[in-house]
Structure formats: C-alpha cells, structure tokens
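Each remark here refers to the structure printed beneath this line.
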Amino acid sequence: MKRVLAADAGQYIGKEILLQGWVHRIRQLGQVSFLLLRDRSGVVQTVVETGGWDIPDDITNEAVIAIRGEVGEDKRAPGGIEVRVKEREALSVISPSLEVSPIEINKKIDLLKTNLETVLAFRPLSLRNPDIRAIFKVQAEIIWAFREFLLKEGFTEIQTPKIVATGTEGGSQLFPVQYFERQAYLAQSPQFYKQIMVGSGFERVFEVGHAYRAEEHNTARHLNEYVSLDLEMGFIESEQDVMRMETGLLKFVFEHLRSTCEAELRLYKAEIPSFKEIPQITLAEAKEILKSQYKKDLGGAKDLDPEGERLICRHISKETGEELVYITAYPTEKRPFYTMPCSDNPELTKSFDLLYKGEEITTGGQRIHEYDRLLKNMKNFGLRADDFEFYLQTFKQGMPPHGGLAIGAERITKQLLNLSNIREASLFPRDRTRISP
RNA sequence: GGGGCGGUAAUUCAGUUGAUAGAAUGCCGGACUGUCGAUCCGGAUGUCGCGGGUUUGAGUCCCGUCCGCCCCGCCA
C-alpha cells in the first residue's frame, strides 16, 4: 500500500490509506483514543473507538509507527478530517529505560517555555518541534528564491574554496587551519573569487556558502559561521545597479514566501514587506537624522551603531512606511580596499548597507576595476600585493566595471520572523563557545 | 576586548530572618465516548554546579573554584 502524507489525508475520504510517521501526541479517553501522527507534511488525527484497538504501552510519544485506516470526515476532528485506525505497526519504539526528551516536541512555540540554550543543547530533538522546524522551511524558501531569481537574471551559481591562503578584507579575524605543512585560513568571504569569476567571463555569478569570522563577538546577531548569499555582477554603471538588482531580488523572495510559507509566517506573526522602491539615505544624512530627531550624536563615527540602526529604521518607517532602507556613501576608511571611491569625493565610497527592521542584512557596492588604482589602494591599506597575486591577475587583463553584495541568510530569516536571536535561525549555530552539536 | 547576571527536579522557575526541598509543565498509574494547551484523582523524580569554612543546624552566610548566560564593541 502506498504511503499517504498527513496533509493529503483529506483527499482520500472514504478510502483506506497508509500513514507513516511519529506519534505526536496521545489523548486517551474512556472509550475513545486519539493518536496524532506527525510526518514531514504535518499532523493528522487518528482515532480508535470502543471495541477497537487500545493503544499499547510501547506506542509512546515520538515512537515511529505505521497506521492503516479509513479517512473520515468529522466536524469534531482538527481540520474536520481523521483516520479511523484499522491496523498499526510499530516501526521504532522507545525503550522505557531511556530518559524522556528535555524538549517538548509537541508544544506550540508560544507555550514552549525553554531557554534558547537548552533548545540548542538538544538541537536534534528541538528540531522535531514543528514550530521550530518552520524557521528552516522559511529559510530554505528564501534561499530557493534567491537562486531562482538570479538564474533568471542570467547569473551562474558558483562554489568557491572555503580553505584559503590569505584573508580578503582585513578587520575580521580569520580562523587558522593547519593545511599539511602550511598555514591556511577559513574563508571570511567569497569576495575575491566572485570578482575573479566576473572577470572570467561569467559576468554575473552568485554563491550560497558558508563564511567564517573569528571575531569574539557574542551577540544576538552574530555567528562565527554563517550562510552568505553572495552575488557579483559586471558591466554596471554604479552601485545603483547593484541596489536595483537587490530590490528586485527581495521583492521576488518576499512574494515567493507569501505563496509558500503562509502558515509559517502566521506562526511567527511575520509581515511580508511590500514595497515599490527601497528608500535611500546617505550615512551623513542618517547621522543628521539621529542628531536632529533623536538627539543622538555619533560625532565622527564611520558607521551607525546598533541603536542608530534601530532608530533610523523607526524614522524611515514613520516617514515612508517602509521597513527597509539603504544607507549609502560610507567613508573609504570604513570599507575594504577594493571598494570604489565616489568620483566627486574620494573620502566616500560607492557602497551601501541595507537595514531591515533595525538590523543590517546586506553590505554591497561597486568595486574598483582598474589595476593601478586597486594596487595603490592596497598599499594605502597596508596590504602586500604579493599576497594577492592570483586576485590581481584578473585586473591586469581587462576587468569590467562591477559590483556585488552579500545577504546574511540567518540575518534575513531572523528579521523576517521577528526572532530575538540569530542562533534560532541556524540549524547548528557556531558561536563563541558552541561547536557542538 | 569591556561590562552585568546566574547555576535548585527532565523543563521553566520560586525558595522569606539560617530550621523536614516547593510550584507549573512533562513523565507514570487510574477515571471519563470527542479530545484538540482536554479535564479530574493519585504517584515518582533532587550530589540545591563543585570544594572548603562559620554554625547545634547552610539552597540561604563567608572564601575559593568551575561552568554558563545576557549586554556593548566589531560585522552579514
């Protein structure tokens, strides 16, 4: 008999079907017993009445079972559908000598009173909770839509090495790796490789891959290993082309979620932003707003602090109703050496950040494509050209004007679903103290 | 790197001036023919992080130690 998924049971009313899954919850009353069965599609109620099968001792929560029964309609059943049990078979029972799960797998998320620390310590079990798992359904759809949109825009997906000989940007600390007799590092960004691939003739490339930062941060928005949604594109006129691409990309991603993750979004009270254009302000303007509207003087700071990011988003939301805002024209000093300076002001760069509900989810910009200028800038930043010989090859041989960006996958998931900690948006987060599970 | 806080049942927590270790949820048993956070009745479960000290008596006070969490900076 072919297996039917819990969510599809309603299509088989009056017919006998085979269900397979985990025991989600058992409710035994005097003469009627309910067993909620969970599989990858959801939960369906199965029922046994007087004279039928009594639930045996070895059928406990989280046992894996197969149930054969007839699908019936009943207004009293959740969703109006239930399966009247004819036969069941235990595929995997749980020894009574084992401890019960520290995580309540069948609890709704708003009733689950468990610290994040415990949820993560028991990740293999907490991921069984459908509400917790919903986060990763949403994340998977975000990444699917990222791919789909870019493929349609003529991008090619690439995979670049995560074991590298040199750091790319400075600033961020690198994780050292012993690579046989040499010292290597985990890649903090695919930046150089993306640019090389633009120059290689692909023109437009993207990558979904891990990035590693050995910074000793320990916050609700940082991971030491995160999934970076990267893209890089050639033949642009300015960073505005990159921002236009991201605006189109995000529209597509959000619309995709609206149609594929309705239940998951409702669960987390997540509102899909709908926008025509994403407003833009320069960093200088943002600082001016903070000073005049919120009496927050950042002085000579080269970036917004987290509070500043929150306030700017609040301000933009009040003025325009938008939850997203591009911050542009960051100082040269604050950006990596490959960032294109503004033509009218070499102190500023053609780069941007994207803030979403008070937190940065993207950094991007136009890159320097002229060899001489890049070399000069490298020296200004105290970097040795010899260390980047493979990178510079590209620029010696004709490189189109280009730019790109990176979106933090866990960051955008967190912001969309209103999660309070980025670790919730990572299956197995790597942070300052956690390398297991 | 800087600052703050905590460790008591499987989980989330309470524990007063130092005097028999508590609640809720979960778990186990019983009752109930429609549950859906079921309800009702009963039950089991503790190295109070660890080590030392003060005291007739320490979860509580003192010293040491280990572990963890949160906030800030940095960034995606």
Side-chain angles (χ1 to χ4, degrees), chain A residues 24-36 43-52 57 60-61 72 74-82 84 94 96 98-122 125-126 169-173 188-191 209-230 301-307 309 330 334-336 353-356 359-364 405-415 420-423 425-426 431-434:
Chain A
H24 189 63
R25 189 188 287 277
I26 293 168
R27 293 195 190 95
Q28 263 184 305
L29 283 71
Q31 294 299 315
V32 61
S33 299
F34 302 99
L35 185 156
L36 304 191
V43 175
V44 67
Q45 173 162 293
T46 70
V47 62
V48 179
E49 299 201 30
T50 314
D57 288 348
T60 56
N61 283 348
D74 194 311
K75 271 186 290 215
R76 296 167 296 185
I81 296 292
E82 63 187 9
R84 288 153 197 151
I94 297 159
L98 298 176
E99 67 272 24
V100 298
S101 170
I103 306 288
E104 292 182 55
I105 291 164
N106 54 21
K107 267 271 201 306
K108 300 299 286 178
I109 194 74
D110 47 343
L111 299 172
L112 189 67
K113 295 269 184 287
T114 306
N115 295 328
L116 179 58
E117 188 194 347
T118 309
V119 168
L120 294 177
F122 296 93
L125 299 175
S126 59
E169 318 194 6
S172 314
Q173 295 297 305
Q188 64 188 170
S189 156
Q191 186 58 36
H210 281 112
Y212 300 88
R213 303 280 164 98
E215 288 157 3
E216 298 209 19
H217 40 46
N218 193 10
T219 76
R221 63 184 186 284
H222 287 96
L223 294 167
N224 293 293
E225 177 185 58
Y226 69 93
V227 175
S228 185
L229 307 176
D230 267 273
K302 302 288 187 287
D303 199 354
L304 302 174
D305 61 8
E307 189 196 17
E309 293 181 347
Y330 279 84
K334 180 66 193 173
R335 293 305 208 193
D353 276 5
L354 178 62
L355 306 185
Y356 175 29
E359 207 165 286
E360 179 185 334
I361 61 166
T362 287
T363 293
L405 58 83
I407 304 173
E410 296 89 349
R411 282 256 177 110
I412 190 172
T413 308
K414 166 181 184 279
Q415 291 308 92
S420 55
N421 195 307
I422 196 165
R423 292 167 179 85
S426 176
D431 62 26
R432 181 66 187 82
T433 53
R434 208 178 314 266

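Order of the sequence lines fixes the chain letters, A, B, ..., with proteins taken first and strands second; residue numbering starts at 1 for each chain. Because the structure is predicted, anything quoted here is derived from the model rather than measured. Only heavy atoms go into these numbers, but all of them, side chains included; no hydrogens, no water, no symmetry mates.
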Tell me whether the side-chain N or O atoms of [X] pair up with the base of [N] as donor and acceptor below 3.5 Å, since no angle test is needed here.
X: A:Gln28; N: B:U35; result: no
X: A:Arg411; N: B:C75; result: yes
X: A:His222; N: B:C75; result: yes
X: A:Gln31; N: B:G34; result: no

Item to check | salt_bridge(A:Lys334, A:Asp353) N-O dist < 4.0 Å | outcome: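 Result for this pair is no, no salt bridge flagged.
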
Checklist entry - Below 4.0 angstrom, N of the basic side chain to O of the carboxylate: do A:Arg76 and A:Glu82 qualify? => result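 Answer for the salt bridge query: no.
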
Checklist entry - Honestly, is A:Arg335 close enough over A:Tyr330, meaning NZ or CZ under 6.0 Å from the six-membered ring centre and within 45° of the axis? => result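 Judged by the rule (NZ or CZ under 6.0 Å from the ring centre, within 45° of its axis), A:Arg335 counts as positioned above A:Tyr330.
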
If you check the [X] side chain, which of [options] turns out closest?
X: A:Arg221; options: B:G37, B:U33, B:C75; value: B:C75
X: A:Thr363; options: B:A76, B:A38, B:U12; value: B:A76
X: A:Lys107; options: B:G26, B:C75, B:U11; value: B:G26

Any strand counts, and the cut-off is 3.5 Å on both contacts for Watson-Crick or G-U wobble. Which nucleotide pairs with [N]?
N: B:C27; result: B:G43
N: B:G1; result: B:C72
N: B:U56; result: B:A19
N: B:G7; result: B:C66

Report the distance from atom [atom1] of [X] to atom [atom2] of [N], rounded to the nearest whole Å.
X: A:Leu355; N: B:C75; atom1: CG; atom2: P; answer: 13 Å
X: A:His24; N: B:U35; atom1: NE2; atom2: P; answer: 18 Å
X: A:Ile103; N: B:U12; atom1: CD1; atom2: P; answer: 8 Å
X: A:Glu104; N: B:C13; atom1: CD; atom2: P; answer: 13 Å

Checklist entry - Just wondering, do A:Tyr226 and B:A76 stack (centres under 5.5 Å, planes under 30°)? => result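 So A:Tyr226 counts as stacking on the base.
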
Mind checking if [X] touches a base, just sugar-phosphate, or nothing, with heavy atoms under 4.0 Å?
X: A:Asn61; value: sugar-phosphate
X: A:Ala211; value: nothing
X: A:Glu117; value: sugar-phosphate
X: A:Ile361; value: sugar-phosphate
X: A:Asn106; value: nothing

Checklist entry - Do you see a donor-acceptor pair shorter than 3.5 Å between the side chains of A:Thr363 and A:Glu360? => result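 A pair is found: one side chain offers a donor N or O, the other an acceptor, under 3.5 Å apart.
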
Item to check | Side-chain donor-acceptor contact under 3.5 Å, A:Glu225 with A:Tyr212 | outcome: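 Yes, side-chain donor-acceptor contact under 3.5 Å.
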
Checklist entry - Of A:Arg84 and A:Thr114, whose nearest nucleotide on RNA chain B comes first from the 5' end? => result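 This one resolves to A:Thr114.
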
Item to check | Of A:Leu111 and A:Phe122, the one whose closest RNA chain B nucleotide lies more 5' | outcome: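 The 5'-side residue here is A:Phe122.
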
Next on the checklist: I need the A:Glu309 CD to A:Tyr356 OH distance, nearest 0.5 Å.
Outcome noted: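 If I round to the nearest 0.5 Å, the distance is 15.0 Å.
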
